[in-house]
Amino acid sequence: MCGSGTNGLYGMVTARHLKLMGYDPTIFLVNEYNASRPDGFKLFTQLKKQVLAFNIPILSSLPSNISHITATHSLIVDAVFGVGYDRFKYAALPRNNKYRYAVNVLRQINKVKVGRRPIVSIDLPSGWDTNIGNYEGHHINPEMLVSLIAPKLGVVEFFGKYHYVAGNYLPSILNEKYQVYVPRYNGSDCLIPIETQVEETTETAEMYHV
Ligand SMILES: NC(=O)C1=CN([C@@H]2O[C@H](COP(=O)(O)OP(=O)(O)OC[C@H]3O[C@@H](n4cnc5c(N)ncnc54)[C@H](OP(=O)(O)O)[C@@H]3O)[C@@H](O)[C@H]2O)[C@H](O)CC1
């Protein structure tokens, strides 16, 4: 599920990789990239062409029946919102807004108990605030999170099973300037596993031990 910002572009790239690895992804594009952001828009247009050339379907609307999604897909990649998410803007969106719908679909998928489909979030679980995380507690708790460059402040409360840091492209000058904590990559690795503390709640017990 891809949003209309850079996080969504990462989702499209993920779909391309999955296809090349032999999987059969479908992209649900919540909205077209904002044309007033020329660099990103160019990238979006190119990526869209590329994924279509790989025969990856791009849907602009999701089936209203969640069970249809979970029956046809074994894993959901959440690339709807990343650090560009604005919770105040979200709160002001009308009830029938497509971003709201996408976030609600993710929440519904996350609640499914029988025939559960894991969610992998890119950079931040959609609906989480960069600094304060899942502030009202009603957004998704994905099984896996891939933090880009460095984990954001808000994900200290990420209790999913897998957490990785990826995106080893922060120049040291910026690292020093902003005091960003980036764990050390091992050799040519592209990912760093971060230990997670799976919180023992009824929900996580059902998720991981049953
Ligand atoms: N910038 C970097 O150096 C890096 C970014 N990375 C990746 O980029 C994302 C952040 O990308 P950004 O485009 O800034 O934001 P999002 O992808 O989170 O998307 C915001 C878009 O969503 C639309 N939208 C709709 N409703 C809302 C809402 N309530 N709040 C915010 N945004 C909303 C919005 O569209 P508009 O048309 O409304 O402007 C935005 O287009 C980051 O998370 C990484 O994945 C990497 O980290 C690399 C470095």
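Each ligand, and each atom within it, is numbered from 1 in the order the structure gives.
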Open item on the list: For atom 15 (O) of ligand 1, what's the nearest protein heavy-atom neighbour? Residue, atom name and distance, please.
Closed with: Gly84 CA, 3.2 Å
Open item on the list: Using a plain distance cutoff, I'd like to know if Ile122 has any nitrogen or oxygen under 3.5 Å from a nitrogen or oxygen of ligand 1.
Closed with: no
Open item on the list: Which option wins on minimum heavy-atom distance to atom 22 (O) of ligand 1: Tyr10, Tyr169, Phe81?
Closed with: Phe81
Open item on the list: What I'd like to find out is whether the side chain of Val182 reaches to under 4.5 Å of the side chain of Tyr185, using heavy atoms alone.
Closed with: yes
- [ ] Would you mind listing which atoms of ligand 1 come within a distance below 4.0 Å of any non-hydrogen atom of Tyr90?
- [x] 29 (N)
- [ ] Please report which non-hydrogen protein atom sits nearest to atom 17 (O) of ligand 1, along with the residue it belongs to and the distance in Å to one decimal place.
- [x] Asn7 N, 2.9 Å
Task: Any donor-acceptor N or O pair under 3.5 Å, side chains Ser4, Tyr99 - done: yes
Task: Nearest-neighbour protein heavy atom for atom 35 (O) of ligand 1, which is reported as residue plus atom name and distance - done: Ser4 OG, 3.6 Å
Open item on the list: Is the shortest side-chain heavy-atom distance between Ile119 and Ile109 below 4.5 Å?
Closed with: yes
Open item on the list: Whether Lys48 and Glu32 form a salt bridge (side-chain N of Lys/Arg under 4.0 Å from carboxylate O of Asp/Glu) is what I want to check.
Closed with: yes
Open item on the list: When you compare the side chain of Arg116 with that of Glu143, does any pair of heavy atoms fall below 4.5 Å?
Closed with: yes
Open item on the list: Can you name the atoms of ligand 1, numbered from 1 with element, that are less than 4.0 Å from a heavy atom of Asp86?
Closed with: 28 (C), 29 (N), 30 (N), 31 (C)
TODO: Please verify whether a non-hydrogen atom of Arg37 lies at under 4.0 Å from ligand 1.
DONE: yes
Open item on the list: Could you identify the single nearest non-hydrogen protein atom to atom 11 (O) of ligand 1 and state the distance to 0.1 Å?
Closed with: Thr6 CB, 3.3 Å
Open item on the list: List ligand 1 atoms under 4.0 Å from Tyr85, heavy atoms only on the residue side.
Closed with: 18 (O), 30 (N), 31 (C)
TODO: Mark the output for Phe88 as yes if a heavy-atom distance to ligand 1 is under 4.0 Å, and as no if none is.
DONE: no
TODO: Please confirm whether Asn34 comes under 4.0 Å of ligand 1, counting heavy atoms of the residue only.
DONE: yes
- [ ] Below 4.0 angstrom from a heavy atom of Asp123, which ligand 1 atoms are there? Numbered from 1 as shown, please.
- [x] 42 (C), 43 (O), 44 (C), 45 (O), 47 (O)
Open item on the list: Tell me whether Val83 has any N or O atom under 3.5 angstrom from an N or O of ligand 1.
Closed with: yes
Open item on the list: Does any part of the side chain of Asn34, heavy atoms only, come nearer than 4.5 Å to the side chain of Phe41, both counted from C-beta?
Closed with: no
Open item on the list: So does Gly82 get a backbone contact from the side chain of Asp123, meaning a donor-acceptor N/O pair under 3.5 Å?
Closed with: no
Open item on the list: Tell me whether Gly3 reaches ligand 1 (any heavy atom closer than 4.0 angstrom to a ligand atom).
Closed with: no
